[in-house]
Amino acid sequence: MDFNEALAYLNSVEKFGIRLGLSNIEFLLKSFDNPQNKFKTIHIGGTNGKGSVCSMVFEALKRAGYKTGLYTSPHLIDITERIRVNDDCISKAEFSEIISEIRKKINSSIFKKNLVGHPTYFEILTLAGFLFFEKEKIDVGVIEVGLGGRFDATNVIYPEISAITNVSYDHENYLGKKLSEIAFEKAGIIKARIPVVYGGKKGIAYFTIKEKAIEVKSPLIWVNSKENIFGINRLENRYLFSLKTPRFSYEFTPSLQGRHQGENALVSIFILEELRKKGWNISPEQIKNSIENTKWEGRLETINTNPQIILDGAHNPHAIKRLKEYIEENIDKKIALIFGAMRDKDIFRMAKLMFPMSERVILTKANTERAAEPLFIMKISKAKTKNIEIMDNVKLAIEKLTKECSDDFVILITGSLYLVGEAKKALIECNKIK
């Protein structure tokens, strides 16, 4: 199986959609002698910011000299982005070889009726990540939860520490309509007597997570506890954050843009401090440097073209609200918005936040079956935007706005990480990004 054949196989299983449950992934892992148990792990979930926290923790562990794996989703341009060891993504040859092994195992298991239906796209990739990390003999893997937590395919590990960045409304069709129900699913990654860091505010989600932690006797490290002193100062278009914990004091300016990245940095600091307590050799200076040097594409990523382009994968109302705050605080130009979202998102609330502040809006869709049709977005948004139109894909939308918008505009592309990934690919193809 070559790389294109591996992609074709994975694309063919996307039709099985999302299936929450652990029986398939547990059976497949066992058939490969449980590779996930051959290295230490850190498990990070939450509604928003979990990818940023993963990348900060990953950067710190690398700087501390640990051979570190990173498993995240979704990818922006190339599927190999999801599985990394230190500075390198899995190679296409290694990826293809592992997917070929997995396919053989799946076919054999289906024939023997050992699986509950065909494994999903995400289950296969999760297994691939664990197999590659075992092969590479990593010291530790930083593992991002895919959807929810309790029945997510990654929830087969027994980590050094778990973390939940925050809890807000997203994936309600799978996780529940109430915030307490969503928090309960997120709290499913909490393991007995294993510390858990929580970065959200006090409220129903906090108490749900606290209840779960008490139930399984897991120490809960709450970022917003009164014993931690957190400060923020504005420095031109960036922020200087300070944190005083019972152990150390930190002062840092995150390399990732936006006030919310300070909150993500706090979660990563507490994860890393807990590892220090367990004897991991990570210095406060390495923690600070990781926050100030982390790269995470597609999150308030600025492309210095004319006009300037901003890419942000905000894909639910909470993330869109943070994006809006950033734009209002830092951008003094008119906004030309390229927007697309997935069908299962709260498009009405997302549009209500972003459309009125945009001088121009182009609605489009990513090349995935989950994407909402632009005409549907237009109807459901009920937006009273001055200038709104529909285009077939993000590449055409970019070409149109770069030709028609002067430098008193900023082109903002958001609503979906899938859309942002296609935008990045289009910008690379037209030499806007090297």
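Each residue takes its place number in the sequence, starting with 1.
Residues Glu273 and Tyr250 have side chains that bring a donor and an acceptor to within less than 3.5 angstrom of each other. Residues Lys177 and Asn173 have side chains that bring a donor and an acceptor to within less than 3.5 angstrom of each other. Between the side chains of Thr126 and Tyr71, at least one donor-acceptor pair of N or O atoms lies under 3.5 Å. Using modelled atom types, one finds no donor on one side chain facing an acceptor on the other under 3.5 Å when comparing Lys92 with Asn4. A donor-acceptor contact closer than 3.5 angstrom is absent between the side chains of His318 and Thr47. Of the N and O atoms on the side chains of Asn316 and Asn48, at least one donor lies less than 3.5 Å from an acceptor on the other residue. No donor-acceptor contact under 3.5 angstrom links the side chains of His260 and Arg322, judged on distance only. Looking at Asn330 and Arg234, their side chains do bring a donor and an acceptor atom within 3.5 Å of each other.
Of the charged side-chain nitrogens involved, none lies within less than 4.0 Å of a carboxylate oxygen, so that Glu399 and Lys403 do not count as a salt-bridged pair. For the pair Lys395 and Glu429, the salt-bridge criterion is met [side-chain N within less than 4.0 Å of a carboxylate O]. Taking the charged nitrogens against the carboxylate oxygens, Lys400 and Glu404 do have a contact shorter than 4.0 Å, which makes a salt bridge. Between Glu389 and Arg360 there is a salt bridge, since a side-chain N of the basic residue sits under 4.0 Å from a carboxylate O of the acidic one. For Lys345 and Asp170, the salt-bridge test passes: some basic side-chain N is under 4.0 Å from an acidic carboxylate O. In summary, Lys288 and Glu285 do not engage in a salt bridge, as defined by a charged side-chain N under 4.0 Å from a carboxylate O. The residues Lys334 and Asp408 are annotated as salt-bridged, a charged nitrogen and a carboxylate oxygen being separated by less than 4.0 angstrom. Between Glu274 and Lys277 there is a salt bridge, since a side-chain N of the basic residue sits under 4.0 Å from a carboxylate O of the acidic one.
Although no hydrogens or angles enter the test, the distance criterion places no donor-acceptor pair under 3.5 Å between the side chain of Gln257 and the main chain of Glu301. Under a 3.5 Å cut-off, the side chain of Ser218 and the backbone N or O of Ile194 do form a donor-acceptor pair. Not a single donor-acceptor pair under 3.5 Å links the side chain of Asp312 to the backbone N or O of Arg299. Put simply, the side chain of Lys186 gets close to the backbone of Gly46: a donor and an acceptor are under 3.5 Å apart. Distance alone, capped at 3.5 Å, places no donor-acceptor pair between the Asn228 side chain and the Asn224 backbone. A donor-acceptor pair is defined here as one N or O able to donate and one able to accept, closer than 3.5 Å; such a pair exists between the side chain of Thr245 and the backbone of Phe248. A donor-acceptor pair under 3.5 Å is absent between the side-chain atoms of Glu211 and the main chain of Thr208, judged by distance alone. Proximity of a side-chain donor or acceptor of Asn155 to a complementary backbone N or O of Phe151 within less than 3.5 Å is not detected. Formation of a donor-acceptor pair under 3.5 Å by the Thr368 side chain with backbone atoms of Ala371 is not found in this model. A donor-acceptor pair is defined here as one N or O able to donate and one able to accept, closer than 3.5 Å; such a pair exists between the side chain of Glu292 and the backbone of Thr253.
Ring planes of Phe252 and Phe241: parallel class, angle under 30° (limits at 30 and 60°).
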Could you give me the CA-CA distance, side-chain angles and deciding distance for Glu136 and Lys67, then say whether salt bridge (charged side-chain N to carboxylate O under 4.0 Å, His left out) is met?
CA-CA 9 Å; Glu136 287 294 301; Lys67 188 173 185 180; 3.7 Å; yes
Does the side-chain contact (heavy atoms from CB on, under 4.5 Å) test come out yes or no for Leu412 and Met354, once each step is laid out?
CA-CA 10 Å; Leu412 173 63; Met354 285 306 304; 3.3 Å; yes
Criterion ring pair (Phe, Tyr, Trp, His ring centres under 6.0 Å) on Tyr66 and Trp280, from CA distance to verdict
CA-CA 10 Å; Tyr66 295 99; Trp280 291 58; 5.0 Å; yes
List the steps and the verdict of side-chain contact (heavy atoms from CB on, under 4.5 Å) for Ile209 and Leu220.
CA-CA 9 Å; Ile209 289 164; Leu220 175 62; 4.2 Å; yes
In sequence, state the C-alpha distance, the side-chain angles, and the governing distance for Asn264 and Gln261, and then conclude on side chain to side chain donor-acceptor pair (under 3.5 Å).
CA-CA 5 Å; Asn264 292 333; Gln261 292 295 355; 3.0 Å; yes
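Within the 4.5 Å cutoff, side-chain heavy atoms of Phe355 are placed close to those of Phe339.
From Leu125, atom CG reaches atom OG of Ser73 across 8.5 Å, with rounding to the nearest 0.5 Å.
Each of Val142, Val85, Val57 was checked for a side chain to side chain contact (heavy atoms under 4.5 Å, CB included) with Thr68, and the lone residue meeting it is Val142.
Surrounding NZ of Lys425 are at most 12 heavy atoms belonging to other residues, nucleotides or ligands under 6.0 Å away.
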